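Being a predicted model, the structure only gives us computed values, none of them experimental. Heads up: numbering here begins at 1 and tracks the sequence.
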Amino acid sequence: MPIAQGRLGRVSIAGVVYPVYDWQISAPRNLQQGQPVGNTWATAKGEGLQSSRFTARIMCREAAAEILSTAFWNLFLSRTWGSGFDDTQAVSIIAESGYVRRTLANAKAESFQLVVQKGAVVGLSVAFLAPGLPTTAGTTTAVSYANTRDNSPLLMFDKVTLGGFTGSVYAATLNYSNNHLPNAPLDGTKTVSAWEAGAITASAQFTVQEWIPGTDPLADDSTLTMALAGAATRNFSITRATIEVIG
């Protein structure tokens, strides 16, 4: 289950502290068990390849320095060229429960899901991948306790504008993934050397009113847009979208 942030917890991504509802770091040991012929019990075991996955539900607010900042979305959407290929940015993530501090090095933004529904706060779930295991330490209570928030309002549904449709849209979900691939040479370690960005994929789901044939709300190769407006405005576009109707 996700670890609740708690009033003494905090999450820092690339040096910026974000308010979250909960977070989780999974780093399975991938145990391998051997059961040779003639043996009733699996008496031997070994550890397989290990890496870490960080997930969180981020609180969306109208503050310009949080999820409405260009720097935040560039972690997912921007790539730099080097060593013969384009790759996402490697950052440090610090996640504190109020009791234990866990630090992930060289983490990369894997995916996000953005959800908009009538009457609700904008929802945002994110996932990051890190090649190694988190390092742990005790929480510095004074640091966490001083992590107070200003009164920037929550980013609500009415601050979202959708475009590219004919007629009304009642709910929207935007999914994006960098589909990182593990770089894991036989170097004598149990961990991945690095996660490297793969092919980008994006999809979206929209709830619309049923329409009369011939009056489709959108067509193949349409451009769909979503704008989040607060102290700053972020615009998302899906170009040449392929449409699949679910009735």
Side-chain angles (χ1 to χ4, degrees), residues 2 4-7 9-24 54-78 88-89 91 93 95 109-128 147-178 200-211 216-218 222-241 243 246:
Q5 183 187 17
R7 71 183 185 91
R10 69 180 183 128
V11 166
S12 169
I13 302 174
V16 179
V17 178
Y18 294 91
V20 305
Y21 295 110
D22 51 51
W23 58 268
Q24 181 181 33
F54 170 86
T55 57
R57 291 189 304 135
I58 296 183
M59 179 186 292
C60 295
R61 306 198 308 160
E62 293 186 23
E66 295 173 4
I67 67 102
L68 291 181
S69 71
T70 302
F72 174 79
W73 293 108
N74 279 347
L75 296 176
F76 296 90
L77 304 173
S78 178
T88 47
Q89 179 183 353
V91 299
I93 295 177
E110 166 68 357
S111 62
F112 69 81
Q113 183 180 71
L114 195 61
V115 179
V116 183
Q117 293 183 328
K118 189 81 169 182
V121 181
V122 173
L124 177 61
S125 299
V126 299
F128 287 74
N147 180 34
T148 55
R149 287 287 164 191
D150 60 32
N151 62 349
S152 295
L154 294 172
L155 186 64
M156 300 300 293
F157 65 98
D158 56 330
K159 296 293 184 177
V160 180
T161 303
L162 302 174
F165 296 88
T166 299
S168 300
V169 179
Y170 294 85
T173 300
L174 177 61
N175 299 287
Y176 176 94
S177 179
N178 279 306
I200 295 171
T201 56
S203 64
Q205 294 178 328
F206 301 94
T207 301
V208 298
Q209 189 175 23
E210 189 170 30
W211 61 90
D216 299 358
L218 66 163
S222 297
T223 295
L224 309 179
T225 61
M226 177 186 293
L228 309 180
T233 300
R234 296 277 73 86
N235 297 294
F236 301 88
S237 297
I238 298 181
T239 58
R240 300 187 65 83
I243 309 305
I246 301 175

Any donor-acceptor pair under 3.5 Å from Arg61 side chain to Asp150 backbone: yes
Would you mind reporting whether [Y] and [X] have side-chain heavy atoms less than 4.5 Å apart?
{"X": "Leu224", "Y": "Leu162", "result": "no"}
{"X": "Val121", "Y": "Tyr21", "result": "yes"}
{"X": "Pro19", "Y": "Glu66", "result": "yes"}
{"X": "Leu68", "Y": "Leu155", "result": "yes"}
{"X": "Phe72", "Y": "Val16", "result": "no"}
{"X": "Asn178", "Y": "Ile200", "result": "yes"}

Give, for atom [atom1] of [X] and atom [atom2] of [Y], the distance between the pair rounded to the nearest 0.5 Å.
{"X": "Leu228", "Y": "Lys159", "atom1": "CG", "atom2": "NZ", "value": "12.0 Å"}
{"X": "Met226", "Y": "Thr173", "atom1": "CE", "atom2": "OG1", "value": "7.5 Å"}
{"X": "Trp73", "Y": "Ser78", "atom1": "CH2", "atom2": "OG", "value": "14.0 Å"}
{"X": "Lys118", "Y": "Asp158", "atom1": "NZ", "atom2": "CG", "value": "8.0 Å"}
{"X": "Thr201", "Y": "Asn175", "atom1": "OG1", "atom2": "CG", "value": "8.5 Å"}
{"X": "Thr225", "Y": "Asn235", "atom1": "OG1", "atom2": "CG", "value": "7.5 Å"}

Any idea which heavy atoms bring [X] and [Y] closest together, and the distance?
{"X": "Phe76", "Y": "Ala127", "answer": "CE2-O, 4.2 Å"}
{"X": "Arg234", "Y": "Ile67", "answer": "CG-O, 4.5 Å"}
{"X": "Ala63", "Y": "Ala231", "answer": "C-CB, 4.3 Å"}
{"X": "Gly123", "Y": "Cys60", "answer": "C-SG, 4.4 Å"}
{"X": "Ala64", "Y": "Ala232", "answer": "CB-CB, 4.3 Å"}
{"X": "Val17", "Y": "Arg10", "answer": "CG2-NH1, 3.9 Å"}

Checking Asp22, Val20, Val126 against Arg57 for side chain to side chain contact (heavy atoms under 4.5 Å, CB included), the one that qualifies is Asp22
Practice task
Please collect all ring-ring contact (aromatic ring centres under 6.0 Å, His included) contacts where either partner lies in residues 155-177, sequence neighbours excluded, each pair once.
Solution key: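 Pairs touching residues 155-177 that pass the test: Phe112-Tyr176, Phe165-Phe206.
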Checklist entry - Leu174 and Ile238: side chain to side chain contact (heavy atoms under 4.5 Å, CB included), yes or no, with the steps? => result CA-CA 10 Å; Leu174 177 61; Ile238 298 181; 3.5 Å; yes
